[in-house]
Structures are given as C-alpha cells and as structure tokens.
Amino acid sequence: MHEPRAHWSSNIGLVLAATGSAIGLGNLWKFPFITFENDGGAFVLVYLMCIAAVGLPIMMAELLIGRKTQKSVVGALKEAIGPGWGIVGLWGVLCGFILLSYYTVIAGWSLFYFARTVQWTLGGFPAGFSTGDLFDSQVSNAGLQLTLSLAFSAATVGVVYFGVQKGIERVARLFLPLLFGILVLMLVSALRMDGAGEALSFIFRPNFAELEPASVLEALGHSFFTLSLGMGAMVTYGSYIDRSQSIVKASAMIVVLDTLIALTATVIMFSVIFSVAGMREQVGASTVGMLFISLPELFFTEVPFGSVLGPLFYVLVALAALTSTISLLEVVASYVIDEHDIDRHKATILCGGAVFVFTIFAAISFSGAPFFSTLAIFDGKTGWFETADHFVSNWMLPTGGLAITLAAGWFMTREQTTAELVDGTEPAWFRYGVWRLFIRYVAPAAVGAIVVAVLFFGRDFS
Ligand code: PFF
C-alpha cells in the first residue's frame with residue numbers, strides 16, 4: 001500500500017523550503033568571492049540578468065514538472081516526457097549525491113568556527129593570533145574534519161527522516177526567519193563601517209570595460225548553483241506542491257529572496273573587508289579566505305558588536321547550509337522511496353550513509369592523505385574535494401540544466417505545460433507566452449554556451 005503523497009502545508013511552506021535550498025554556501029561563500037574576482041558592478045548586473053532570463057524560467061520549469069507528475073526527479077521526467085528521460089533524472093540524483101558529499105565538509109567548518117568564536121567572545125581574542133594558521137590546521141586535521149562533517153550529515157539525515165512537513169518544512173519555517181534576522185543585524189552593523197560606501201559602489205556601480213566574456217558564463221553557471229537548479233532538487237520540491245497552489249508567484253519569490261540574500265551577504269562582507277587596509281589583497285588569494293580566514297578575526301578587531309555577531313554569523317552559515325543539504329538528500333532519498341519502494345526512514349538512513357562514505361573522501365582530501373589529496377583529473381584542481389566541486393559545477397549542473405530546459409521547452413507540448421502555469425489571473429501571454437519564449441530559446445542558448453565552453457574549450461567556472 002502506498003501512502004498518499006506528502007504536500008507542503010501551504011504556498012509559504014513551499015517558498016520557505018525552496019528558498020532554504022537555494023540560499024546556502026553559494027550565497028555566502030561562492031557569490032561574494034566570484035563578485036570580488038570579477039570586479040563587482042558589471043558582473044553583478046550580468047548575474048541579475050542571468051537570474052531573471054535563465055534562472056527564473058528554469059525554476060518554473062522544474063517546479064511545474066514536479067507538480068504535474070507528483071513524482072521525484074526520475075519518475076517525473078519519465079512520466080512528463082518519456083521513459084528514456086529517466087537517465088536525465090538519474091544524472092540529477094547522482095549530482096545531488098556528489099554535491100551533498102562534499103558540501104557537508106564546508107558546512108562542517110561553520111560548526112568549528114562557531115565553537116571558536118564563542119570561545120573568543122567569552123575569553124577574548126588572543127593577541128597576535130593567526131587565523132590563517134588556524135584554518136590550515138583545522139582543514140588538515142582529518143579526525144576533526146570527519147567529526148564535523150559527520151555531525152552535519154547526521155543533522156541532515158535527522159531532518160529528512162521526518163519527511164516533508166514534519167522535517168523539511170518545519171526546519172525551513174523555523175530557521176529562515178532566524179537567518180534573515182541575523183543577516184539584518186549584520187547589515188546594520190556593517191553599514192556603519194568606513195568601508196561601506198566603497199563596498200556599495202564596488203558592487204552596484206557597473207564598469208563594463210572590466211567585464212570579460214568568461215565572466216558572463218561564470219555568472220550564468222553560478223545562477224544554477226545558487227538557485228539549486230539543474231539536478232532536480234526543484235522538481236522534487238515541486239512534486240510536493242498541491243495542485244491548487246501556484247508555481248509562478250512561488251518561483252518569483254524564491255528567486256528574489258535568494259538574490260537579495262546573496263547581495264546582502266556581499267555588502268556585509270565587502271563593507272568589513274574594505275574597512276581594513278591591506279585586507280583586499282589577503283582576501284583575493286583564496287575562495288575560502290573571506291569566510292573562514294579574514295572574517296573570524298575581523299569580527300573581534302573591527303566589526304561593531306562583532307563579538308556577538310561573530311558566533312551568530314557562523315550560526316547563519318550553518319543554518320543556510322542545512323536547509324540546502326536537506327534538499328540534496330531529499331533528491332536522493334525521494335528517488336529511492338519512489339522508484340525502489342523503500343520506506344522513508346530506511347531510505348533516508350541508507351542514502352545518508354552511502355553519501356557519507358564519499359564525504360569521508362572529501363573530508364580527508366586536505367590532510368595529505370594519499371590519493372584523496374593528490375587526485376588530479378582536471379587542470380588546476382587537486383584532491384578529491386576540488387575535483388568533485390569542479391565536476392558538479394562545470395559539468396553536471398549545466399548539462400542537467402540544458403536537458404531540463406529542452407525537456408520543458410521542446411519535448412513537452414504547449415498543452416501539457418499551459419495547464420500548470422496559467423490560472424486565469426493574468427493574460428496568458430504574460431504568464432505563459434513569455435516563459436515559453438525564454439525556456440525554448442533564451443535559456444537553452446545560454447546554457448548551451450556554458451556546456452560548449454566547458455566541453456570544447458576547457459573553461460573553468462568553479
Ligand atoms: N543552492 C545551494 C547554494 O547556493 O549553496 C546549493 C545547492 C543546494 C545546489 C541544493 C543544488 C541543490 F539541489
């Protein structure tokens with residue numbers, strides 16, 4: 001006997017859960033860094049255009065395929081388009097599996113820095129202490145990395161175990177408002193710093209002379225990652241939407257909220273960094289530098305109310321990461337539940353355990369472990385962690401995204417998709433016609449360009 005499919009309790013439940021999936025390390029770790037690397041302004045504008053022209057239509061496409069079929073990604077694509085499309089679904093499940101396996105490692109770092117910043121809040125920040133050395137020693141400590149990522153994986157399994165409403169939605173309802181609150185507090189504090197003006201003009205004043213063509217593709221690639229698109233996470237979340245709930249408004253809200261949070265986080269970080277002489281150069285050196293090397297110290301030396309905001313910031317990172325990891329595990333677990341008829345509790349533990357085996361490889365890949373620290377398949381990427389991240393961001397998400405775009409735009413008929421989007425509240429051309437134009441032409445052309453650049457020109461966007 002199959003249980004009836006679980007549903008979000010309301011549209012707000014869906015919006016919060018999906019926004020929770022979208023807001024994650026991509027917003028707090030990747031976006032500020034690539035904005036920095038690409039000289040801000042013009043890059044941010046291009047990113048906003050990619051989000052609107054490509055991200056939003058694909059978000060609607062994934063949610064509509066899920067809602068229409070009420071199935072997780074493999075079953076959904078098979079039913080919506082045809083049996084052969086199950087392969088695209090499996091590609092998504094594999095992508096979720098790999099992404100989750102290394103994402104938890106960085107998520108685990110937030111637990112470590114939370115503990116450390118609390119210690120400094122209580123005992124004071126030690127004079128002459130090097131947060132760079134601290135980072136190197138924590139990341140290369142295999143035992144510590146395994147413990148942190150195990151804790152994070154267990155939390156993820158713990159949420160997914162309880163299902164759609166009692167697990168995922170409940171956590172999103174509780175944590176997202178908290179996350180927004182912490183971010184607002186930090187923004188207020190950051191805007192009082194000397195570097196705030198410079199930060200705002202760096203982020204919002206476009207200078208197209210500095211924009212390189214590769215930056216456009218990087219912005220596009222990131223719009224997939226940040227919106228959790230290209231691997232069926234939103235198809236899966238869409239399958240828990242009741243048929244009476246609207247996809248159009250929900251998609252717009254998810255996309256706007258994710259973008260607002262990414263921009264806010266960037267304003268906060270740059271305000272802090274631009275306030276300190278010499279910090280720009282230090283930050284430019286590494287992706288993780290900003291979040292885990294510069295900021296921990298600056299909270300205690302520069303930021304107003306930093307000794308309180310420091311620990312809160314790492315709570316924010318952990319919450320943002322958790323609402324993303326649960327969506328990743330849900331993609332994998334719901335596939336096993338739906339297609340292999342295994343009950344949720346068993347499936348969650350099984351999938352969580354299987355993913356963790358690969359988390360071990362990622363966790364020890366900074367410790368000098370043979371093979372896992374030295375693996376070099378892609379140019380310039382060393383170790384299991386970097387290889388996995390490169391493969392997912394550059395190869396899996398864009399190819400998966402391209403397939404989903406083609407599926408919704410070219411392989412599903414107008415009749416099949418109209419019913420999901422049009423509800424008679426606005427003229428159909430507005431709700432439907434514009435979407436169809438973007439999903440058939442603009443999105444495949446843009447995503448196709450990334451795939452060509454990666455596959456044939458060896459470009460690197462991670
Ligand atoms: N959107 C997440 C982030 O910005 O960190 C990453 C992600 C989560 C991608 C879940 C895909 C996904 F299914």
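FYI, the numbering just counts along the sequence from 1. In each ligand, atom 1 is the first atom listed, and ligand 1 is the first ligand listed.
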Element-labelled atoms of ligand 1 that are located less than 4.0 Å from some non-hydrogen atom of [X]:
{"X": "S21", "result": "1 (N), 2 (C), 8 (C), 10 (C)"}
{"X": "M231", "result": "11 (C), 12 (C), 13 (F)"}
{"X": "A233", "result": "13 (F)"}
{"X": "L25", "result": "5 (O)"}

Q: Report yes if the distance between the aromatic ring centroids of F361 and F358 is under 6.0 Å, otherwise no.
A: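 Between F361 and F358, the centre distance is under 6.0 Å.
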
(Q) If you take the centroid of each ring, where Trp contributes its six-membered ring, are W109 and F135 closer together than 6.0 Å? (A)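 Yes - the distance between ring centres of F135 and W109 falls below the 6.0 Å cut-off.
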
May I ask you to check whether [X] and [Y] show a side-chain donor-acceptor distance below 3.5 Å?
{"X": "S9", "Y": "R173", "answer": "yes"}
{"X": "S149", "Y": "T359", "answer": "no"}
{"X": "D338", "Y": "S334", "answer": "no"}
{"X": "S367", "Y": "Q145", "answer": "no"}

Q.
Any nitrogen or oxygen of A22 lying under 3.5 Å from a nitrogen or oxygen in ligand 1? Just yes or no.
A.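 Between A22 and ligand 1, an N or O pair is found under 3.5 Å apart.
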
Q: Compute the shortest N/O to N/O distance between S327 and ligand 1 and return yes if it is under 3.5 Å, no if not.
A: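 No, S327 has no N/O under 3.5 Å of an N/O on ligand 1.
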
**Q.** Basic-acidic side-chain contact under 4.0 Å: E330, R344
**A.**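 Looking at E330 and R344, the cut-off is met.
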
Q | Per-residue contact class, L99 against ligand 1 - non-hydrogen pairs under 4.0 Å | A |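 Answer for L99: side chain.
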
(Q) In this structure, does ligand 1 have an atom that sits under 4.0 Å from one of the heavy atoms of Y103? (A)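 Heavy atoms of Y103 do come under 4.0 Å of ligand 1.
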
Q) For atom 9 (C) of ligand 1, what's the nearest protein heavy atom and its distance? A)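 For atom 9 (C) of ligand 1, the nearest protein heavy atom comes out as F225 O, 3.5 Å.
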
Q. Got the closest protein heavy atom to atom 7 (C) of ligand 1, with its distance?
A.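 Scanning the protein heavy atoms, the shortest distance from atom 7 (C) of ligand 1 goes to S228 OG, 3.6 Å.
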
